[in-house]
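Let me begin by presenting the structure, written as structure tokens, before commenting on it.
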Amino acid sequence: MTSTDPILETDGLEKYYDPSTTALEVLRNRLTRGSQEPIKAVDGVDLSFHENEISGVIGESGCGKTTLLETLIGLHEPMGGEIYFDGKPTSKFGKQDWHEYRRRVRIIFQNPYEALNPRFTVRRSLMEPLSIHGMETNEELVHDVLERVNLTPPSQYLDKYEGELSGGEKQRVAIARELIVDPDVILADEPVSMLDVSTQVAILRVLKRLAAESDLSVIYISHDISTVSYVCHEINVMYLGNIVESAPTEELLEDPQHPYTRELLRAIPIPDPDHDRTRSNIPGNPPDPVNLPSGCNFKDRCPDRMDICDEEPILCSTDENHRTKCHLHYDHEQHPDSQATDQEYRAVSDGGRE
Ligand code: SF4
């Protein structure tokens, strides 16, 4: 491994669900040998996460980002593809590897009000993960980690119970509890969405500093492109189980290529009455994940839809660090995986816009 190698990587990662909601439906689906299409919550996702970086995964509710995170943490077994940690495939992990993975890859949840045990003091909440992972439990470590999340002086917090802390303080203790075991990766699942705006900014600053100072890789999952843009070095846009665009944050904000990304960006409120951005008005809802249309999953909501969009586009590089999954943005003749030739593409793009 070199410092430029990803610490965590997915290659064609898949996680599907049986859409049956009752035992009878499950039985019927089994008897008919799974004739019902599965829900493709994560459908062939390739991502790389590096130390000292915060990578965002953004999308509407139901796009698969939480399933992606839960698969990364090991709560779900992938149904296809691979997760590599520190260069090793997790499918080959033994019990000890998983134990170590659970120390090195940690998660911060959305709701700080449920994150801590109300019967534990802050000291005990922070000592517990050290004991679980067989690490030395000492007060110095606890002081140090509280300082790193700006809970100072630490002595003021150590003997407090969860109920004596504000929402922002609870989330800082929750972050400290994950940091104390010296992880390589932190998965942050909408970590500030339940906090007031000024507390959100303070927590986001803490995450930014930690990633820079502690060689951490933070994977930040959210539906809110404002917070993702503020904190992330790169953004991955997810729609119905697929990554449809990835780019460094500045580039994505300045040159969004996928029509879905463009609409998400229109949703960022701008505090300027003369600014010409209107709130996003993406027509319709995402299609039923059980009966997805053929071709591009976004086609029924896309303002740029063309005839060729009935064929599935491929995710390909449009720039050194920019990838987009849209027929508008690649040379079809250079991508033999694509079912359409560039000639066909040009023919429809010249006259096929609806
Ligand atoms: Fe729109 Fe077609 Fe691009 Fe899909 S492939 S986002 S439908 S232009």
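Start at 1 and go down the list; that is how both ligands and their atoms are numbered.
- For the pair Lys88 and Phe85, the cation does not sit on the ring face, since its NZ or CZ is not both under 6.0 Å from the ring centre and inside 45° of the axis.
- Using a cut-off of 4.0 Å between Lys/Arg side-chain N and Asp/Glu carboxylate O, Asp300 and Arg305 are scored as salt-bridged.
- Screening His258, His322, Arg323 against Ser246 for a side chain to side chain donor-acceptor pair (under 3.5 Å) leaves a single residue, Arg323.
- A salt bridge does not link Lys92 to Asp97: none of the charged side-chain nitrogens sits closer than 4.0 Å to a carboxylate oxygen.
- Neighbours of atom 4 (Fe) of ligand 1 restricted to protein N, O or S atoms under 2.8 Å: the count is 1.
- Here Asp304 pairs with Arg262 in a salt bridge; the nearest charged N to carboxylate O distance falls below 4.0 Å.
- The existence of a salt bridge linking Glu60 and Arg301 is confirmed by a sub-4.0 Å separation between a basic side-chain nitrogen and an acidic carboxylate oxygen.
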